[in-house]
Amino acid sequence: MDSIRVTLTDGKSVEIRRGSQINELASALGVNGDVIAAKVNRQLVDLSRALEEDCSIEWVSRESADGLDVLRHSTAHLMAQAVQSLFPGTQVTIGPTIEDGFYYDFKREQPFTPEEIEKIEARMEELAKANLKVTREEMPKSRAIELFRKLGENYKVAIIEEIPEETVSLYRQGEWVDLCRGPHVPSTGVLKAFKITTVAGAYWRGDEKNEMLQRLYGTSWPDKAKLKEHLRLLEEAQKRDHRKLGRELDLFSFHPVAPASPFFHPKGAIVYNQLISYVRSLYVRYAYEEVITPQILDVELWHRSGHYDHYRDSMYFTEVDERQFGVKPMNCPGHTLIYSSRKRSYRDLPLRMADFGRLHRYERSGVTAGLTRVRSFSQDDAHIFCAPDQIESEISSLIKMLREVYRTFQFGDMQVKLSTRPKDFIGDVEIWEKAEAALGQALSKERIDYQVNPGDGAFYGPKIDFVVLDALRRGWQLATMQLDFFLPERFELVYTSAGGTDERPVMIHRALLGSIERFMGILIEHCAGAFPLWIAPVQVRILTVTDDHKDYAKRIFEELRNAGWRVELDGRNEKLGYKIREAQLAKIPYALIIGEKEVQAQTVAPRRRGGENFPPLGVAEFIQKLRSEVAQEKGAA
RNA sequence: GCUGGCGUAGCUCAACGGCAGAGCAGCUGAUUUGUAAUCAGCAGGUUGUAGGUUCAAGUCCUAUCGCCAGCUCCA
């Protein structure tokens, strides 16, 4: 008998008939029903795949990352099948998986209405219940093209024509067929928990010159409970939406007269300024020097910096005295002018120049959003002018600084990407390679796992991007460290070396928080508007029980205010429960209850946001408590 | 910029093409209250803006501004 040997993940191996299907092996071994695919020699395949050679096999359950991917991809197919059965004439294009879900792009003249989406979901349920077998079939490209041409699927034909291999694979479920690499679940009954989430337009192949398709987004999970949890998280994210909280907490607003440009109200301005003064405090320790530079500069400068050629569409211009000026979208050109305001020596380097200057960038109307994408903002921006051999230590120190920042704001893990030399680049290959090596070494030295994106750097230098995960496990790119060989060249920056020769410095563009506006938006969502004590616009609110306690409460209020705390007095003629509720909803860290007992004992009774009550204590002790809490939050350096 | 959706009181939301409404917030008064909402009254609007259709438009049509979900872009 012709048999082959299959090695399992536990190291055991079994002998089976050559050509038998994986699922036969699975049922023979009594493998868990959660298995929806397998990895044969580490390659993900269908359970219906026949085994022809000795191999290793690993079961892929629907709970695993690979399994979820298969599940979602199959759900995308299920959706496409539903759409085509309901709306004949609709063409399919592509339907990949994405984080937490999938989408499928369709060519159809009319957009999908909410009612139609409900119908599609209902049909998907039916098709899943029918438990249609999903089968794989391979055929030569020419036959596949013929098949899809007959079906009127012009996009699929275009896709197949671009596939280099001679054979392609098709998947069928019921009457429906789609071109797909696979693998897929064995039958549609495996799909139990899915939902179409949104509908949107999308261009064929992502190019806005191409025709627009209708994209349906969906999500799919191993079971209903997981789907529900996912939807709950989405809802939670909506509750934390900084645009909603910004209004509710009276932090900022927008007005049509200045699209995508926030107005920070008094409370929002406090948060904003707290962020800046926090970064300033780091600048003292990390030896930065802050500068202030003009808002509007002659276009001649922007020509020289290259911004006019490459970035003009994102800039604002104005004319005064028949001279053209550009509103600055970045601080760097201004900083090079300060650099070259006098002769620099190697002793001056590294020169770390920080600037909280206001920047203006025109962003197309469709891309702006709340605080996270605005047209007017400032950054915790700095430019480090250094010698090439100082790059590594500068990056190293930047990473330390970054770690400090993330600890303070309690962001979780970070993902790091190193982007290297693109095809179009300026400067010497040798300098590039040295610089990339320096960046990599600094990352390794700081024990940071990173991913290399080859060719993804800007033409003027390699860069490192840092993505942090917030409380809802959403990723945000905040910090970036960008090397620049180009601007020093353009502005002919030099320093005198120890040997007396003129040398060219390297510039490092870097930001930790990124734009303050954007960071504030992210922070609001990260902490759901409940800012840590040191940032909270109002840190303490004093609540009187009755009017009789107002005089004493006023004294406490003044004592706290004179000690520098942001404090409010709620002496309104309302019930205590009402005032507590309002203080809680305003997310104020501490409510101080002042009633008869406190007046008698000359104490205050603190209630922490969230409901925890502390035993009454004197004002001085309370201030001490606040101080130590802030010190702890900011983290001792 | 493109595709789609949405703009009604400060906020959240009602109103078959037929008299623009409610709750909360605000203001006034009563109540003097101990850990998440005391009661009553008053006020609040050119329904984003500009045109059009209609006897009649918040509702239908066109344009425009803004917002939202995506696409795209982020030297």
Side-chain angles (χ1 to χ4, degrees), chain A residues 98 103 105 108-114 117 197-217 234 238 241 243-244 247-248 250 253-261 302 305-315 329-330 332-333 361-370 373 422 424-426 457-461 463 465 477 480 482 484 486-487 490 509 515 543-550 571-586 591-599 605-614 616:
Chain A
I98 50 174
Y103 66 81
D105 285 346
R108 180 185 187 227
E109 288 317 315
Q110 310 88 331
F112 294 103
T113 64
I117 287 172
T197 47
T198 45
V199 53
Y203 301 96
W204 168 238
R205 295 194 160 141
D207 187 335
E208 62 186 294
K209 286 186 211 77
N210 289 337
E211 47 203 312
M212 182 152 280
L213 309 170
Q214 304 295 331
R215 175 173 296 180
L216 291 177
Y217 283 90
L234 288 184
Q238 249 171 36
D241 190 316
R243 292 167 295 202
K244 187 166 127 79
R247 190 172 50 236
E248 287 171 2
D250 198 18
S253 61
F254 288 89
H255 195 279
V257 296
S261 308
W302 304 112
S305 69
H307 284 87
Y308 195 87
D309 285 341
H310 297 284
Y311 205 68
R312 185 182 37 209
D313 290 347
S314 300
M315 289 179 64
M330 296 181 196
C332 24
R361 295 181 189 172
Y362 172 75
E363 299 276 5
R364 296 199 292 174
S365 61
V367 305
T368 59
R373 198 74 184 261
D424 286 323
F425 68 97
I426 66 131
F459 72 87
Y460 51 89
K463 66 169 176 179
D465 289 321
Q477 197 214 301
T480 170
Q482 168 79 61
D484 190 343
F486 179 70
L487 269 193
R490 275 276 171 133
H509 308 251
S515 123
L543 316 180
T544 52
V545 176
T546 77
D547 283 354
D548 294 342
H549 317 120
K550 252 174 141 169
R572 290 175 305 168
N573 173 12
E574 296 288 352
K575 292 172 91 165
L576 182 63
Y578 182 78
K579 295 185 188 180
I580 283 180
R581 178 183 152 81
E582 293 211 328
Q584 175 72 35
L585 291 177
L592 284 190
I593 318 302
I594 305 286
E596 197 50 37
K597 282 180 285 188
E598 287 72 27
V599 174
R607 177 192 190 274
R608 175 82 200 164
R609 167 179 63 197
E612 189 189 354
N613 288 299
F614 296 90

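This structure is a prediction, so every number in the text was calculated from the model and none was measured. In what follows, chains carry the letters A, B, and so on, assigned in the order in which the sequence lines appear, proteins first and then strands, with residues in each chain numbered from 1.
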Inset, instruction - Would you classify A:Glu612 as touching base, sugar-phosphate or nothing, given that sugar-phosphate means primed atoms plus P, OP1 and OP2, and contacts are heavy atoms under 4.0 Å? - result: nothing
Legend entry - For RNA chain B, the dot-bracket pattern of Watson-Crick and G-U pairs whose distances stay under 3.5 Å, | for other-strand partners: (((((((..((((....[..)))).(((((.......))))).....(((((..]....))))))))))))....
Inset, instruction - Please report, rounded to the nearest Å, how far the P atom of B:A37 is from the CD atom of A:Gln584. - result: 12 Å
Inset, instruction - Using the test side-chain contact (heavy atoms from CB on, under 4.5 Å), find all partners of A:Thr368 that sit at least two apart in sequence or belong to another chain. - result: A:Ala260, A:Glu363, A:Arg375
Inset, instruction - Using the C1' atoms only, state how far B:G7 lies from B:C13, rounded to an integer number of Å. - result: 13 Å
Inset, instruction - Evaluate the side-chain proximity of A:Glu598 to A:Leu592: yes if any heavy-atom separation is below 4.5 Å, no if none is. - result: no
Legend entry - Neighbour count above 12 (heavy atom, 6.0 Å) for A:Asp309 CG: yes
Distances under 3.5 Å only, N/O to N/O: pair up the protein atoms with those of nucleotides 4-12 of chain B.
unit_1: B:U12; atom_1: OP1; unit_2: A:Arg247; atom_2: NH2; d: 2.9

Inset, instruction - With ring-ring contact (aromatic ring centres under 6.0 Å, His included) as the test, would you mind laying out the steps for A:Phe459 and A:His310 before giving the verdict? - result: CA-CA 11 Å; A:Phe459 72 87; A:His310 297 284; 5.5 Å; yes
Inset, instruction - Report the distance from atom CZ of A:Arg364 to atom CZ of A:Arg373, rounding to the nearest 0.5 Å. - result: 10.0 Å
Legend entry - Nearest-0.5 Å distance that lies between atom CZ in A:Arg490 and atom OH in A:Tyr460: 13.0 Å
Inset, instruction - Using atom types as modelled and distance alone, determine if a side-chain donor or acceptor of A:Glu211 lies under 3.5 Å from a backbone N or O of A:Trp204. - result: no
Inset, instruction - Evaluate side-chain contact (heavy atoms from CB on, under 4.5 Å) for A:Gln584 paired with A:Arg607, printing each intermediate quantity in order. - result: CA-CA 10 Å; A:Gln584 175 72 35; A:Arg607 177 192 190 274; 3.1 Å; yes
Inset, instruction - Establish, with yes or no, whether the OP1 or OP2 oxygen of B:G1 is under 4.0 angstrom from a side-chain nitrogen or oxygen of A:Ser365. - result: yes
Legend entry - Atom-pair distance (CD on A:Glu574; P on B:U35), nearest Å: 16 Å
Legend entry - Whole-Å gap separating C1' (B:U32) and CD1 (A:Ile594): 17 Å
Inset, instruction - Determine the Euclidean distance between corresponding C1' atoms of B:C6 and B:U59; express it in Å to zero decimal places. - result: 15 Å
Provide a list of protein-nucleic acid N or O atom pairs under 3.5 angstrom, restricted to nucleotides 73-75 of chain B.
unit_1: B:A75; atom_1: N1; unit_2: A:Ser305; atom_2: O; d: 3.4

Legend entry - Distance, rounded to the nearest Å, where A:Arg215 contributes CZ and B:C71 contributes C1': 7 Å
Legend entry - Straight-line distance of A:Ile594 CD1 to A:Thr544 OG1, nearest 0.5 Å: 8.5 Å
Legend entry - Side-chain donor/acceptor of A:Thr197 to backbone N/O of A:Tyr217, under 3.5 Å: yes
Using atom names, set out every protein N or O paired with an N or O of nucleotides 24-27 of chain B below 3.5 Å, distance rounded to 0.1 Å.
unit_1: B:A25; atom_1: OP1; unit_2: A:Tyr578; atom_2: OH; d: 3.4

Inset, instruction - Identify which nucleotide among B:A36, B:G34, B:G1 has an atom closest to any side-chain atom of A:Ile580, counting heavy atoms from C-beta outward. - result: B:A36
Inset, instruction - Answer with base, sugar-phosphate or nothing: what part of the nucleic acid does A:Gly457 contact at a heavy-atom distance below 4.0 Å? - result: nothing
Inset, instruction - Measure the distance from NZ on A:Lys597 to C1' on B:U35 and round it to the nearest whole Å. - result: 10 Å
Inset, instruction - Between B:G34, B:A36, B:A69, spot the one nearest the side chain of A:Arg607, thanks. - result: B:A36
Inset, instruction - Could you give the distance separating B:C27 and B:C60 at their C1' atoms, to the nearest angstrom? - result: 40 Å
Inset, instruction - Would you indicate what A:Gly577 reaches in the nucleic acid, counting non-hydrogen atoms under 4.0 angstrom: base, sugar-phosphate, or nothing? - result: sugar-phosphate
Inset, instruction - Measure the CD1-CG distance between A:Ile426 and A:Asp484 for me, rounded to the nearest 0.5 Å. - result: 7.0 Å
Inset, instruction - Can you tell me, in whole Å, how much space there is between the P of B:A9 and that of B:G48? - result: 8 Å
Inset, instruction - In whole angstrom, give the distance that lies between atom CG of A:Leu543 and atom P of B:A36. - result: 12 Å
Inset, instruction - Using side chain to side chain donor-acceptor pair (under 3.5 Å) as the criterion, point out the one residue from A:Arg205, A:Arg215, A:Gln214 that pairs with A:Asp105. - result: A:Arg215
Legend entry - Integer-rounded Å distance: B:C68 P and A:Lys244 NZ: 15 Å
Inset, instruction - Between B:G70, B:A36, B:G34, spot the one nearest the side chain of A:Met212, thanks. - result: B:G70
Inset, instruction - Could you give the distance separating B:G23 and B:A14 at their P atoms, to the nearest angstrom? - result: 16 Å
Inset, instruction - For A:Ala260, report the nucleic acid contact type (base, sugar-phosphate, nothing); a contact means any heavy atom under 4.0 Å. - result: sugar-phosphate
Legend entry - First encountered from the 5' end of RNA chain B, between A:Ile593 and A:Arg205: A:Ile593
Legend entry - Integer angstrom distance from the P of B:G17 to that of B:A57: 14 Å
Legend entry - A:Tyr203: side-chain contact (heavy atoms from CB on, under 4.5 Å) partners, not counting sequence neighbours: A:Glu208, A:Met212
Legend entry - Under 3.5 Å donor-acceptor, A:Lys579 side chain and A:Ala591 backbone: no
Legend entry - Span that lies between the P atom of B:A15 and that of B:C19, in whole angstrom: 14 Å
Inset, instruction - Would you mind classifying the nucleic acid contact of A:Leu585 as base, sugar-phosphate or nothing, using non-hydrogen atoms under 4.0 angstrom? - result: base
Inset, instruction - With rounding to the nearest 0.5 Å, note down the distance linking CD in A:Glu582 to CD in A:Glu574. - result: 7.5 Å
Inset, instruction - Looking only at side-chain atoms of A:Tyr217, point me to the closest of B:A36, B:G70, B:U35. - result: B:G70
Legend entry - Short side-chain to backbone donor-acceptor contact, A:Ser314 and A:Arg312, under 3.5 Å: no
Inset, instruction - Could you measure between the two C1' atoms, the one in B:U32 and the one in B:C39, and give it in whole Å? - result: 14 Å
Inset, instruction - Would you please classify the geometry between the A:His307 ring and the A:Trp302 ring as parallel, tilted or perpendicular, with 30° and 60° separating the classes? - result: perpendicular
Legend entry - Protein-nucleotide distance (A:Phe254, atom CZ; B:C65, atom C1'), rounded to Å: 16 Å
Inset, instruction - Find which nucleotide of RNA chain B each of A:His255 and A:His549 is nearest to by heavy atoms, and output the residue with the more 5' nucleotide. - result: A:His549
Inset, instruction - Tell me which nucleotide among B:U35, B:A69, B:A36 gets nearest to the side chain of A:Ala605. - result: B:U35
